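What you are looking at is a predicted structure, and each value in this text was computed from that prediction instead of being measured. For this chain, numbers begin at 1 and follow the sequence in order.
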Amino acid sequence: MPDPRSYRPRPGDIPTQPGVYRFRDPKNRVIYVGKAVNLRARLSNYFQPIGSLHPRTATMVTTAASVEWTVVNTEVEALQLEFSWIKEFDPRFNVKYRDDKSYPWLAVTLSDEFPRVMVGRGAKRKGTRYFGPYSHAWAIRETVDVLLRVFPMRSCSNGVFKRSQQVGRPCLLGYIDKCSAPCVGNISAEDHRRIVEDFCDFIGGQTAGFVRRIEKEMFAASEALEFERAARLRDDLGALQRALEKQAVVLGDGADADVIALAEDPLEVAVQVFHVRGGRIRGQRGWVADRVDEGETDKLVEDFLLQLYADDPDSIPREVLVPALPPEAAVVEDLLSDLRGSRVQVRVPQRGDKRTLLETVARNAGQTLALHKTRRASDLTTRNQALDELREALELPEAPLRIECYDISHLQGSEIVASMVVFEDGLARKSEYRRFVIRGQQGSDDVRAMHEVITRRFRRLLDEQSTSVPSTEVDGAHGPMLVDPETGRPRKFAYAPGLVVVDGGAPQVAAAVRALDELGIDDVPVCGLAKRLEEVWLPGQADPVILPRSSEGLYLLQRVRDEAHRFAITHHRSRRSKSMVESMLDDVAGLGEVRRKTLLKHFGSLRKLRAATVEEIGAVPGIGPTTAAAIKTAVEKNGPGLAVNTATGEVEET
């Protein structure tokens, strides 16, 4: 492994101008490309002590063997050169966004003498104008079929076009007036291109003018008693309206914008883009990428904007809505404006329809990331690789086929609960999940709570294993009774895990190990996964184990930890809501414990109960109109408040 000090340039040799730098590995391959306003200040950050660097940055500088740079005149030039080199060298430590699926485009071959409209996928070609991408090919084909009535341009393949030219007879579309039949000379190349341009303008979002024009022509034809032409124009107008109805209006000001949102975790990032033209959603697209550099959300946004627009300036809208501004937002705006040929604004919407749309796109990004994780987790080969990587990294005697993870959740020391989730063969075993309620503890002491949970779980293990049966008839050896002889069901706590994971760092790991030692258990491995840098802590070690960011083993640990966190939070919120409802309704006359539980079971949470009307509360079995009114008065009297969940950092309504 190269030592960064071996190739560190002298500070005086590095210029202070804007520029782009490249790190190369021992085989002279470019592994990272970056830009800087001040090259000397930026590069000096990479040659700090390894322990003070972000793990991803530390991995990169220890993989590299040399660094070089190129000076440019402006920050915009640096941005352009950075993208060009990323595209040319495909560095392994730069974020590379890849489509999570192949999206269909609507393409118009403007370079042809008689341009053709078609739906396709794959790389773009010069001389062709593209619209989209769209979610479903069938949807855009239906729209094109409707619009060909109004814009009868060519949509046939080259083979069909040439054959019609040879026989002197148009294809079926020419006979049903969905093509102007340029193949047989029914229309000149100039007139056909005008139809094509009108079609492109309509698809591109300039719809109002066409609707008004056709309405005007329809009324004029009617006044001139040309009823057949007026009827045809009426049908054309209906076709345009049907095409517009397929695209939802999301921005009332008719804006042209791309709305971009990210869903990220320490290992991966998912991006979703909604293309809005004329206030309507014209297309949607998604990417998933591995996080291999140290960039936060703003840097991820900048990288994505470059990859999205640098090769396709025609697709740049007037406005780009993002979840966070790039580090040099003005520079990015200048670059996009130069590419587009007019002003482009990059901003974060704060309120209104655009903010609501950004939140919708963010939900789509979250679903994309969740689906990607599900697909990745379901692969048998990947799961086996993850378990083997954990065995090797944590120096376990065998692959941890059963992993148990524990997490603590509370709100400022109240309603302290814990969760235990189980993964077997790399997959969640939800029937084995368990919840714990921590009683008799004052304050938010996660370490003490973790000690109690581990003690309770493994004391149960010892109790289950105390009942033994002969496991073989040969040597008379005894083993734990894994099946309850009375019910025939497995004893859930009788299985010892191959690995215990606690959510936290060295203190939580030490508490878990201390609990096992007090019970006399010394054959259950323990590790902790800290959230901030995804460090893996082992008992008795001063430094954490740093797994590679692309490691399937780290990915599995992260999924286990996140599932334990989700399960604990859900339990905590349920108990907090229940206790609030019970305390709030104590003074309601005639409302006993049974009906309070019925009420909570019906609405599920205090927030939903507070939002319910008197009639909805009265519809609960056992709750009359008078009691319902008293309940409504009680919950309104104790209005909603805000609290901070110290386990998650969330601001929640109570």
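- Proximity of L39 to T16: side-chain heavy atoms (C-beta onward) are nowhere separated by under 4.5 Å.
- Side-chain contact, R340 with S337: no donor N or O sits under 3.5 Å from an acceptor N or O.
- There is a side-chain donor-acceptor pair under 3.5 Å between D112 and T109.
- A pairwise comparison of heavy atoms in L390 and G553 identifies CD2-O, 3.6 Å as the closest pair.
- Residues G505 and W537 share a closest heavy-atom pair of CA-CD1, 3.7 Å.
- The two residues R40 and G12 come nearest to each other via the heavy atoms NH2-O, 3.8 Å.
- Taking CG from L335 and CG from L305, the interatomic distance works out to 9.5 Å, rounded to the nearest 0.5 Å.
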Next item on the list: Apply side-chain contact (heavy atoms from CB on, under 4.5 Å) to F151 and V117, showing your working.
Entry: CA-CA 11 Å; F151 307 103; V117 60; over 6 Å; no
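- Proximity of E319 to K354: side-chain heavy atoms (C-beta onward) are separated by under 4.5 Å at one or more points.
- Ring geometry for F23 versus Y7: interplanar angle over 60°, hence perpendicular rather than tilted (30 to 60°).
- Between the side chain of Q367 and the main chain of N364, no donor-acceptor pair closer than 3.5 Å is present.
- Between K35 and E302 a salt bridge is recorded (basic side-chain N to carboxylate O distance below 4.0 Å).
- Looking only at side-chain heavy atoms (C-beta outward), R347 and V322 stay at 4.5 Å or farther from each other.
- Side-chain atoms of T128 do not come within 3.5 Å of backbone N or O of A107 as any donor-acceptor pair.
- Between the Q17 side chain and the V71 main chain, no donor and acceptor come within less than 3.5 Å of each other.
- Rounding to the nearest 0.5 angstrom, the gap separating the OG1 atom in T356 from the CZ atom in R351 is 12.0 Å.
- W85 carries R22 over the face of its six-membered ring, with the cationic atom under 6.0 Å from the centre and within 45° of the normal.
- Counting only heavy atoms from C-beta outward, the side chains of V545 and E535 never approach each other to under 4.5 Å.
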Next item on the list: Evaluate the criterion salt bridge (charged side-chain N to carboxylate O under 4.0 Å, His left out) for residue pair D562 and R559; output intermediate values, then yes/no.
Entry: CA-CA 5 Å; D562 291 346; R559 282 198 300 119; over 6 Å; no
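- Of all the heavy atoms in V361 and V273, the pair that sits closest is CG1-N, 4.5 Å.
- Residue I408 holds its CD1 atom at 9.0 Å from CG of D503, rounded to the nearest 0.5 Å.
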Item checked: CA sep, side-chain torsions, deciding dist, call: E359, R363, salt bridge (charged side-chain N to carboxylate O under 4.0 Å, His left out) -> CA-CA 6 Å; E359 293 170 354; R363 286 195 296 272; 5.1 Å; no
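- Separation of atoms CD1 (I260) and CG (L262) is listed at 8.5 Å; rounding is to 0.5 Å.
- Counting heavy atoms from C-beta on, the side chains of C405 and E563 never come closer than 4.5 Å.
- Atom-to-atom distance recorded for F274:CZ and Q272:CD is 6.5 Å, nearest 0.5 angstrom.
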Check: For R343 and D338, what are the C-alpha separation, side-chain angles and deciding distance, and is it a salt bridge (charged side-chain N to carboxylate O under 4.0 Å, His left out)?
Finding: CA-CA 8 Å; R343 184 63 183 166; D338 290 343; over 6 Å; no
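- Scanning all heavy atoms of the two residues, the minimum distance from V501 to L557 falls at CG2-CD2, 3.8 Å.
- Taking 4.5 Å as the limit, some side-chain heavy atom of L321 sits within range of a side-chain heavy atom of P349.
- Using modelled atom types, one finds a donor on one side chain and an acceptor on the other under 3.5 Å when comparing Y21 with Y46.
- The closest side-chain heavy-atom distance from L43 to V67 is below 4.5 Å.
- Residues P326 and V301 share a closest heavy-atom pair of CG-CG1, 4.2 Å.
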Next item on the list: Assess whether side-chain contact (heavy atoms from CB on, under 4.5 Å) is satisfied between V276 and D256, documenting all intermediate values.
Entry: CA-CA 6 Å; V276 181; D256 292 346; over 6 Å; no
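- Looking at heavy atoms from C-beta onward, L529 lies out of side-chain contact with V560 at the 4.5 angstrom threshold.
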Margin query: Go through it in stages, so that I can follow the logic: the residues are E333 and V346, the test is side-chain contact (heavy atoms from CB on, under 4.5 Å), and I'd like the CA-CA distance, side-chain angles, deciding distance and then a yes or no.
Written below: CA-CA 6 Å; E333 284 186 344; V346 180; 3.8 Å; yes
Next item on the list: Let me see the working for R318 and Q345 under side-chain contact (heavy atoms from CB on, under 4.5 Å), right down to the final yes or no.
Entry: CA-CA 6 Å; R318 291 194 297 267; Q345 185 180 14; over 6 Å; no
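- Rounded to the nearest 0.5 angstrom, R8 CZ and S66 OG are separated by 16.0 Å.
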